[in-house]
Amino acid sequence: MRDLQLEKEARRRRRGLFTGILCLTFIIPLLFLGVVSLVDGQAQVSEDENRELSQWPSFSLETLFSGEYFQQLDAYYTDQFPFRNMFLSVNKFLNNLYYVPTGDDMTIIKGNQEGIGGEEESSAPSSSQVSSGSDPSSSQQAPSSSQEASSSEPDNNTPVDIQGNVDAEVKENYTIILKDRIMELYTVSPTYLPIHAQLVNSIKEQLPECRVFSLTAPTAVEFYSPNQYHTGNKSQLRTLEILKENLSDDVIQVNAYGKLRNHTDEYIYFRSDHHWTQLGAYYAYTAFCESAGFQAHDLSEYQTGRYDNFLGTLYKAAKNYPQSDKVRDNPDYLDYYVPLSSHSGEIYGDANFTVQYQIPAVKTGLDNPSYAYDCFCGDSALIKFTSDCGTGKKLLMTKDSFGNAFIPFLMDHYSEVYVVDPRHVSKVFGDSFHITDFVREHQIDDVLVMNYAFAAQEKNYLSKLESII
Amino acid sequence: MVFSSLIFLYLFLPICLILYFLAKKIRVKNVILLVLSLLFYAWGEPVWVILLIFSGFVDYFNGRIIEANRGTKYAKMALVSSIVINLGLLGVFKYSAFFIQSINGLFSAHLPYAEFALPIGISFYTFQTLSYTIDVYRGNTKAQMKFSNFLLYVSLFPQLIAGPIVRYTDVAEQIDNRTTTLAGFKSGAIRFLTGLAKKVLIANYAGSVCEQLLSSNLPELTTAGAWFGIFMFAVQIYFDFSGYSDMAIGLGKIFGFQYPENFNYPYICTSITDFWRRWHISLSTFFRDYVYIPLGGNRRHLVFNLLVVWSLTGLWHGASWNFILWGLYYFVFLFFEKVVLKGRMEQMPWYVKRPYSLLVVLIGWAFFYFTDLGQLGTFFQSFFFASPNGLIDTTSQTLIINNSLFAVIAVIACLPLSKYAKKLVNYMGQKSNAGMAVQFSLNFVYMVGVLFFCTASLVGQSYNPFLYFRF
């Protein structure tokens, strides 16, 4: 009898011990990570995500009562959580657990968070647990019971006359990983493309004595994706058609598309980055020469070099997905072509045209660059390139980052090239910079409006462009 | 603040647990819980926390008046004032804009209205305080004499934001009189972690698939995409909501409170009547006890009663016509089952009643998902095999295949297998020492695994890449 009782007693105690340990199992990790999160240092920037990590928010009564202060604290805490990189790789592993590959080895993932216009975008809701005012505040859009008051309409202080037909457009950019190539999916915007054309037309109207060129570059998805993703309302050829219908006859349209279409079996687009290679830019350059009446140089004339192991923006966006490992294991390389003419560029830092930096059109011999595409001129409000090619002709171009790979080829045809990135103008010049005035002041001969298919129809980009015309 | 956030898990919760269990007296524990609960709520609603406190005060006051004046007209006045104020608050903050917009639409008027951001949890706490005054009036419970206790009941953070709707009678005793045993803490912790896993590892994932199909790319929806998309939404909403309830119940248990169950494997229902005994149980019982039965239940004008209850149920979920349609949709099927079939659905063979139930529920979720009736129409066009984009396309095929394993896991998780698994493990634990060791190990691995992977997933959700560097 007593033995049985002793045994029961021992078992009870053991059970109690186990239970106690389990309770500790709950509380100890919470405490441990909680303490670490309070004492560990802060990271500034996430290179992979191309953004600054949230810092300790500044306090104000206003943000306190609007709820913003707490949201920022949330975002700060999440961004600065200890062992972030380790947890991100575990998350990647989780993504892999669920994943079943298709026959053609394609994955659809969520794309980047913002449009091309960058900057003035309403502060990116870092997918933190923002309670959107719906009853059970849930982190994603899951309304447990009540409706979601989430309004994810981006900010709208754009002067562009937008016929708010936003429903006609697909709001989210998705990206596909197809074997070892990552591509952004595209949808034609019949609302914004005519606006783009109008802007170019108005430049020509105000500068009748200049030649005005329009060049819209297609992207990889047009040539390398399954049929569904480049036909119908996803066709960038359709984009060019719409632009053509709306551009005035005085504007010279450069058919870069046709050239690229003929060279798709060459390395004209990166697989891990959303840009074209400089070879792709070269073919667009040959099209430009045809339109401008220049004799394009042959590819073999240029000095070349290579940056190996290039993993670009799309890889970083897809890094969280194990399907992107194929891309990581077969990275891009960047071949650059150096202009034949001697040249240099000046980047202006303020409205007084103070020279901030001097750069070449292509930086050769960089040592292990973190982002190889940066070897081109980068994105600045205004860069003035001077070349000794001796033609005496001057060009002003507005561009997004696709233009960066294109610019080197211009050095051999223009004595002066002014490069304007509309997204950065207001930072440096406020609202004092207008390309039409600038062109007249500096007696510039040609104007080139150059974009890739996404920027050509992006609301924020177009509004920035409009503000500098 | 939400449970499924890093700041809650690693800052708020540990601090709360330490303070709570360091305190010895129940009165101190209650103060700690109250202060932290108000902070928890204020985190998401720094201004409208006032409303919460106000609503609590109004019904505390009314409760005491009713108690002190039982049987007189003052008691009745207090009850009425409670109902009016609670429903009034809800009406103004949640429904006024919708109501006026509808009138404007119907009569081409231009009445002005203010758009309020909905204070978090208002649908829950107004109902809770309302249930309190009604129960006090009916004599089901005595009024709570201490305001801090009553406010604790209203604002207790485990159940404040997303339910379950806890009635005062459920916890009245426990406010001043509860303990947490080691076993209770453990089982509460496991319950909480289960809910967290449901939300973070299943619901959020289902949500992102569903969004790709039904939200961003709706104009391109195919039939296959419609079916798979709404199926993913059914998964998302169940695991999100029931996960939240699990976390609430688990946390409550840790602090010594026993909350009622809110879900009972709704997707194994055998009829729509059965579905509503398994889904958001605290809400349907609320409407049953405070609206349906007072109206006469199934004894007087059953159909009218059903209509009222289900319109209100729909409306409670959101101030929008699609939610009302959702409620009425269920009214139709409940009418069909109760009045037409007179309960004979339950006797049908499983291959009739289960597919019927699941199909009805699945279609019902469409009414719930699309607040825009135009989009709802687009969806149904695809769902009922009339999509302009055809039966299936590259996108829907890819998404379906990519997520097929997840779909299988989700379906399995909807079955009550875990109930039997738990019973088995517990039985093993009772049987022998080896069994106890196994039980311990399984629990240990489960707890650590869930916490680790959920944390990773929460960090992963903050991964927010941009193509262009943002300064």
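In this text the structure is predicted, and so the values were computed from the model without any measurement. We name chains A, B, ... by the order of the sequence lines, and we start the count at 1 in each one.
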Residue B:F452 versus chain A: region with a heavy atom under 4.5 Å: both

Pick from B:Q439, B:M447, B:Q397 with the largest number of heavy-atom pairs that fall under 4.5 Å of chain A: B:M447

B:Y10: ring pair (Phe, Tyr, Trp, His ring centres under 6.0 Å) partners, not counting sequence neighbours: A:F81

Region of A:P226 that comes under 4.5 Å of a non-hydrogen atom in chain B: side chain

Intermediate values then yes/no, side chain to side chain contact (heavy atoms under 4.5 Å, CB included), B:E220 and A:K234: CA-CA 11 Å; B:E220 290 152 36; A:K234 302 210 167 316; 3.1 Å; yes

Side chain, backbone, both or neither of B:F8 within contact of chain A (heavy atoms, under 4.5 Å): neither

Interatomic distance, A:Y77 atom OH to B:S5 atom OG [nearest 0.5 angstrom]: 9.0 Å

From CG (A:L94) to SG (B:C454), nearest 0.5 Å: 8.5 Å

Spacing of A:Y98 atom OH and B:I202 atom CD1 [to the nearest 0.5 Å]: 5.5 Å

Minimum-distance pair of heavy atoms, taken over all atoms of B:L182 and A:C23: O-SG, 3.4 Å

Test side chain to side chain contact (heavy atoms under 4.5 Å, CB included) applied to A:T107 and B:T398, step by step: CA-CA 7 Å; A:T107 312; B:T398 306; 5.9 Å; no

Interface residue of largest heavy-atom contact number with chain B, from A:Y99, A:Y76, A:F93, under 4.5 Å: A:Y99

Region of A:I27 that comes under 4.5 Å of a non-hydrogen atom in chain B: side chain

Side chain proximity check, A:I108 to B:T395, heavy atoms < 4.5 angstrom: yes

When A:F26, A:F32, A:Y229, A:F65 are compared by non-hydrogen pairs under 4.5 Å with chain B, the top option: A:F26

Closest-packed option against chain A by number of heavy-atom pairs under 4.5 Å, given B:N402, B:L193, B:I401: B:N402

Most chain A-contacting option - heavy-atom pairs closer than 4.5 Å, from B:L405, B:L399, B:I15: B:L405

Atom CZ of B:F444 with >12 non-hydrogen neighbours under 6.0 angstrom: no

Per-residue contact mode, A:L38 against chain B (heavy atom under 4.5 angstrom): side chain

When B:T181, B:L201, B:I400 are compared by non-hydrogen pairs under 4.5 Å with chain A, the top option: B:L201

Engaged part of B:A206 at the chain A interface, taking heavy atoms whose separation is under 4.5 Å: neither

Approximate separation, where rounding is to 0.5 Å, of A:T19 OG1 and B:F185 CZ: 12.0 Å

Most chain A-contacting option - heavy-atom pairs closer than 4.5 Å, from B:V47, B:V200, B:L160: B:V47

Between CG on residue A:D74 and CG on residue B:L6, distance to nearest 0.5 Å: 8.5 Å

Spatial distance of atom CG (A:N227) from atom OG1 (B:T394) [nearest 0.5 Å]: 7.5 Å

Heavy-atom proximity to chain A below 4.5 Å, by part of B:I254: side chain

All side chain to side chain donor-acceptor pair (under 3.5 Å) counterparts of A:N96, not counting sequence neighbours: none

Sub-4.5 Å side-chain heavy-atom contact between B:I18 and A:L31: yes

Options B:N433, B:I190, B:I409, B:L9, ranked by heavy-atom pairs under 4.5 Å with chain A, top entry: B:N433

B:I7 portion near chain A, given a 4.5 angstrom heavy-atom threshold: both

Heavy-atom closest contact (A:S66 atom, B:P46 atom, distance): C-CG, 4.5 Å

Top of A:T102, A:V90, A:L22 for chain B proximity - count of heavy-atom pairs under 4.5 angstrom: A:L22

Side chain to side chain contact (heavy atoms under 4.5 Å, CB included) evaluation trace for A:T78 with B:V459: CA-CA 7 Å; A:T78 310; B:V459 174; 5.8 Å; no

Residue pair A:T25, B:K186: steps toward the side chain to side chain contact (heavy atoms under 4.5 Å, CB included) verdict: CA-CA 9 Å; A:T25 310; B:K186 176 206 83 173; over 6 Å; no

Part of B:L451 within contact of chain A (heavy atom distance under 4.5 Å): side chain

Non-hydrogen side-chain atoms of B:S462 and A:D79 separated by less than 4.5 Å: yes

